[in-house]
S.K.: 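Dropping a structure here in structure tokens format, bear with me for questions.
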Amino acid sequence: MRIVIIGSGSIGMLVTFYLTKKGHRISLLTNRQEQARVLNEKGIHLIIHDNERESVKVSADTFKDLQANGSIDLLILAVKSHQVKDVLAKLNQLHINIRAILFLQNGMAHTELLSTLEIPEVAVAVVEHGAIRENDFTVLHTGIGRLKWSYVCEGQGRIKDLLSKSTQLHFDISYDMQWINVLEQKLIVNACVNPLTGLLDIKNGELVKNDYCLSMMKMIFKEVMMILNFKQENDMWNHVKDVCLKTAENYSSMLLDLKYNRKTEIDSIIGYLVRRAKEQNQEVTILPFLLQGILAKETKVEGNVD
Ligand SMILES: NC(=O)C1=CN([C@@H]2O[C@H](COP(=O)(O)OP(=O)(O)OC[C@H]3O[C@@H](n4cnc5c(N)ncnc54)[C@H](OP(=O)(O)O)[C@@H]3O)[C@@H](O)[C@H]2O)C=CC1
Ligand SMILES: CC(C)(CO)C(=O)C(=O)O
């Protein structure tokens, strides 16, 4: 089975590492020639529990090296949510025949593209792990979590086959029948944690340790619950707080994107919720505030006030 992973950042390297270790042959497609060269020379190094280091050999190519009219049995997309559209458009232009696709993004931007896909097998997953790209060939596995996934359409079961053969190795995998539930539950967590940690420049744990932060997070949570019409409010609130505790020492991906001057996934998380509130004629004030706040930080103009 030809498995291709596009996106060789934190999650792309993490998933490639574990699948390779489990014996799967993966082609990792990078954005930059230099990264492909380094990966082919050094392999992927994974650092876990502060200093345990392991490495695997990998086969890396650039996205631009993809041959037109080729085929991919299973494509795993590990780019940021706002990069998905561009990647799919390029694959389409090259007439690549994709038999199955697995999305690993946070947020909901990619769900708006699902109805346009002409791929027989489609699944979505959320990654509850923490991973940080230290350099072009090293990834830190900072939080051990789960990969939760679900089919949008099952096709020939290639994804099920791969994931059922890939359990353990620090990568617990669980299946849910309802793909929308999988994504919405992660959306709730990301909406509560990411923008607030990004704006306040704090670790995830501070959100539950500091009473002011906790009450701000509760205000966000309330608006999100209303928009999604989510029923099990208490369970979900406990889950959000639990994620903050389990990832207490982590910086959220949004805070890191801001720190390294990268575009954040705010539109796919909060932008999506604001658009949904508008469609449902619901008045929301906190989420638009967060959206503007993060966009302001993303486009910050430096200089003296006077
Ligand atoms: N990191 C984490 O701990 C977690 C991440 N996630 C989610 O996983 C997804 C991926 O995140 P993450 O790995 O952190 O992101 P990164 O920014 O680390 O990685 C994205 C990768 O995609 C590459 N890329 C961008 N555009 C293209 C393109 N057109 N063609 C080929 N490659 C491209 C980037 O290249 P370049 O190297 O040039 O930038 C980069 O290597 C996100 O949706 C994120 O929210 C979910 C849970 C935890
Ligand atoms: C779960 C959480 C909040 C962990 O930091 C995350 O998904 C992220 O940072 O994007």
Side-chain angles (χ1 to χ4, degrees), residues 4-17 28-36 38-39 44 60-66 75-91 93-94 102-111 124-148 183 185-198 202-208 217 239-258 260-269:
V4 173
I5 297 187
I6 298 184
S8 48
S10 320
I11 294 297
M13 285 202 278
L14 187 83
V15 172
T16 306
F17 177 90
L28 180 58
L29 295 194
T30 67
N31 202 19
R32 289 168 291 111
Q33 182 76 55
E34 173 56 15
Q35 190 187 11
V38 171
L39 282 168
I44 294 179
D61 261 317
T62 69
F63 188 85
K64 290 189 198 106
D65 296 327
L66 259 190
L75 172 65
I76 301 180
L77 267 193
V79 294
K80 286 274 169 56
S81 57
H82 46 266
Q83 295 158 343
V84 169
K85 200 172 176 180
D86 184 42
V87 170
L88 289 177
K90 283 186 185 152
L91 291 166
Q93 271 170 14
L94 289 171
L102 172 64
F103 291 89
L104 297 181
Q105 285 63 40
N106 271 345
M108 302 298 276
H110 54 301
T111 64
V124 292
V126 294
V127 180
E128 293 177 345
H129 295 254
I132 299 174
R133 163 174 36 171
E134 189 180 75
N135 57 36
D136 271 352
F137 62 95
T138 311
V139 59
L140 311 179
H141 193 173
T142 50
I144 314 290
R146 247 181 330 175
L147 184 126
K148 264 199 218 162
L183 293 186
Q185 284 176 21
K186 186 75 197 294
L187 176 70
I188 295 167
V189 172
N190 289 128
C192 289
V193 176
N194 294 22
L196 206 47
T197 51
I202 52 174
K203 287 181 176 173
N204 295 354
E206 188 73 10
L207 291 174
V208 281
M217 186 163 76
H239 176 62
V240 171
K241 287 189 294 181
D242 196 44
V243 172
C244 293
L245 285 173
K246 285 198 174 120
T247 61
E249 288 306 310
N250 286 19
Y251 293 104
S252 76
S253 56
M254 196 164 284
L255 174 54
L256 293 176
D257 284 340
L258 288 169
Y260 294 110
N261 297 318
R262 297 188 295 244
K263 186 174 159 65
T264 69
E265 296 186 299
I266 193 72
D267 187 66
S268 181
I269 299 170

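We count ligands from 1, going down the list as the structure has it; atoms in each ligand are counted the same way.
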S.K.: Would you mind finding which of His82, Gln83, Met13, Met254 brings a heavy atom closest to atom 25 (C) of ligand 1?
M.R.: Gln83
S.K.: Counting N and O atoms only, with roles assigned by atom type, does the side chain of Asp86 sit under 3.5 Å from a partner on the main chain of Gln83, one being a donor and the other an acceptor?
M.R.: no
S.K.: To the closest 0.5 Å, what do you measure between OG1 (Thr30) and CG (Leu28)?
M.R.: 7.0 Å
S.K.: Output the list of atoms in ligand 2 that are nearer than 4.0 Å to some heavy atom of Asn106, sorted by atom number.
M.R.: 7 (O), 10 (O)
S.K.: Please list the nearest protein heavy atom to atom 8 (C) of ligand 2 with its residue and the distance rounded to 0.1 Å.
M.R.: Ser253 OG, 3.4 Å
S.K.: Using a 4.0 Å cut-off to any heavy atom of Ser8, which atoms of ligand 1 qualify?
M.R.: 21 (C), 41 (O)
S.K.: Between Val240 and Met217, does the side-chain contact (heavy atoms from CB on, under 4.5 Å) criterion hold? Intermediate values first, please.
M.R.: CA-CA 10 Å; Val240 171; Met217 186 163 76; 3.9 Å; yes
S.K.: Check each atom of ligand 1 against the heavy atoms of Ala131 and keep those under 4.0 Å away; list them by number with element.
M.R.: 1 (N), 2 (C), 3 (O)
S.K.: Does Ile11, backbone or side chain, put an N or O under 3.5 Å from an N or O of ligand 1?
M.R.: yes
S.K.: Inspect the surroundings of NZ in Lys241 and state if more than 12 heavy atoms from other residues, nucleotides or ligands are less than 6.0 Å away.
M.R.: yes
S.K.: Could you state the interatomic distance from CG (Leu104) to OG (Ser81), rounded to the nearest 0.5 Å?
M.R.: 12.5 Å
S.K.: Which atoms of ligand 1 sit under 4.0 Å from any heavy atom of Ile6?
M.R.: 31 (C)
S.K.: Could you tell me whether Met254 approaches ligand 2 through its side chain, its backbone, both or neither, with non-hydrogen atoms closer than 4.0 Å?
M.R.: neither
S.K.: Which atoms from ligand 1 have a heavy atom of Gln105 less than 4.0 Å away?
M.R.: 43 (O)
S.K.: Could you list which atoms of ligand 2 come closer than 4.0 Å to a heavy atom of Lys186?
M.R.: 7 (O)
S.K.: By number and element, which atoms of ligand 1 are closer than 4.0 Å to a non-hydrogen atom of Ala78?
M.R.: 10 (C), 20 (C)
S.K.: Should one rank Lys90, Lys80, His141 by closest heavy-atom distance to atom 11 (O) of ligand 1, which comes out on top?
M.R.: Lys80
S.K.: Would the number of heavy atoms belonging to other residues, nucleotides or ligands and lying under 6.0 Å from CZ of Phe137 be above 12?
M.R.: yes
S.K.: Suppose we measure from atom 1 (C) of ligand 2 to each protein heavy atom; which comes out shortest, and what is that distance?
M.R.: Val243 CG1, 3.9 Å
S.K.: Quick one, Leu256 with Arg262, criterion side-chain contact (heavy atoms from CB on, under 4.5 Å). Give me CA distance, side-chain angles, the key distance, then yes/no.
M.R.: CA-CA 8 Å; Leu256 293 176; Arg262 297 188 295 244; 4.2 Å; yes
S.K.: Stepwise, does the side-chain contact (heavy atoms from CB on, under 4.5 Å) test hold for Asn190 with Met254?
M.R.: CA-CA 9 Å; Asn190 289 128; Met254 196 164 284; over 6 Å; no
S.K.: Got a second to check how far Lys80's NZ is from Ser268's OG, nearest 0.5 Å?
M.R.: 11.0 Å
S.K.: Mark yes or no for whether Gln105, through its side chain, and Val79, through its backbone, hold a donor-acceptor pair below 3.5 Å.
M.R.: yes
S.K.: Which residue and atom name correspond to the protein heavy atom nearest atom 14 (O) of ligand 1, and how close is it?
M.R.: Ser10 OG, 3.5 Å
S.K.: To the nearest 0.1 Å, how far is atom 48 (C) of ligand 1 from its closest protein heavy atom, and which atom is that?
M.R.: His129 O, 3.2 Å
S.K.: Would you mind running through ligand 2 and noting each atom that sits below 4.0 Å from a heavy atom of Asn204?
M.R.: 4 (C), 5 (O)
S.K.: With rounding to the nearest 0.5 angstrom, report the CG to CZ distance, Leu91 to Phe63.
M.R.: 4.5 Å
S.K.: Atom 9 (C) of ligand 1: which protein heavy atom is closest, and how many Å away?
M.R.: Val79 O, 3.7 Å
S.K.: Do any N or O atoms from the side chain of Lys186 and from the backbone of Val127 form a donor-acceptor pair under 3.5 angstrom?
M.R.: yes
S.K.: In ligand 1, which numbered atoms sit nearer than 4.0 Å to a non-hydrogen atom of Val87?
M.R.: 28 (C), 29 (N), 30 (N)
S.K.: Below 4.0 Å, non-hydrogen atoms only: which portion of Glu265 touches ligand 1? Side chain, backbone, both or neither.
M.R.: side chain
S.K.: Applying a 4.0 Å heavy-atom criterion (strictly less than), which segment of Leu29 is in contact with ligand 1: side chain, backbone, both, or neither?
M.R.: neither
S.K.: Which residue holds the protein heavy atom closest to atom 21 (C) of ligand 1, what is that atom called, and what is the gap in Å?
M.R.: Gly9 N, 3.6 Å
S.K.: Measuring from atom OG1 of Thr142 to atom CG of Asn250, what distance do you get when rounded to the nearest 0.5 angstrom?
M.R.: 4.5 Å
S.K.: Write out the residue and atom name of the closest protein heavy atom to atom 47 (C) of ligand 1, then the distance separating them to 0.1 Å.
M.R.: Val127 O, 3.2 Å
S.K.: Give me the nearest non-hydrogen protein atom to atom 30 (N) of ligand 1 as residue plus atom name, then the distance to 0.1 Å.
M.R.: Asn31 OD1, 3.7 Å
S.K.: By number and element, which atoms of ligand 2 are closer than 4.0 Å to a non-hydrogen atom of Ser252?
M.R.: 5 (O), 9 (O)
S.K.: Whether the side chain of Glu134 engages the backbone of Leu140 through a donor-acceptor N/O pair (distance < 3.5 Å, no angle test) should be reported.
M.R.: no
S.K.: Just to be sure I read this right, does ligand 1 sit under 4.0 Å from the backbone of Lys186, its side chain, both, or neither, counting only heavy atoms?
M.R.: side chain
S.K.: Give the atoms of ligand 1, by number and element, whose distance to some non-hydrogen atom of Asp86 is under 4.0 Å.
M.R.: 29 (N)
S.K.: Atom 3 (C) of ligand 2: which protein heavy atom is closest, and how many Å away?
M.R.: Asn194 OD1, 3.4 Å
S.K.: Ignoring angles and geometry beyond distance, decide whether Arg32 reaches within less than 3.5 Å of ligand 1 through its nitrogen or oxygen atoms.
M.R.: yes
S.K.: For the backbone of Met13 and the side chain of Ser8, can you confirm whether one donor and one acceptor N or O come within less than 3.5 Å of each other?
M.R.: no
S.K.: Go through ligand 2 atom by atom and flag the ones less than 4.0 Å from a non-hydrogen atom of Asn190.
M.R.: 3 (C), 6 (C), 7 (O), 8 (C), 10 (O)
S.K.: Report yes if some N/O of Arg133 lies less than 3.5 Å from some N/O of ligand 1; otherwise report no.
M.R.: yes
S.K.: Kindly compute the distance separating CD1 (Ile132) from CD1 (Ile11), expressed to the nearest 0.5 Å.
M.R.: 10.5 Å
S.K.: Using side-chain contact (heavy atoms from CB on, under 4.5 Å), reason through Leu66 and Val4 one step at a time and then give a plain yes or no.
M.R.: CA-CA 11 Å; Leu66 259 190; Val4 173; 5.6 Å; no
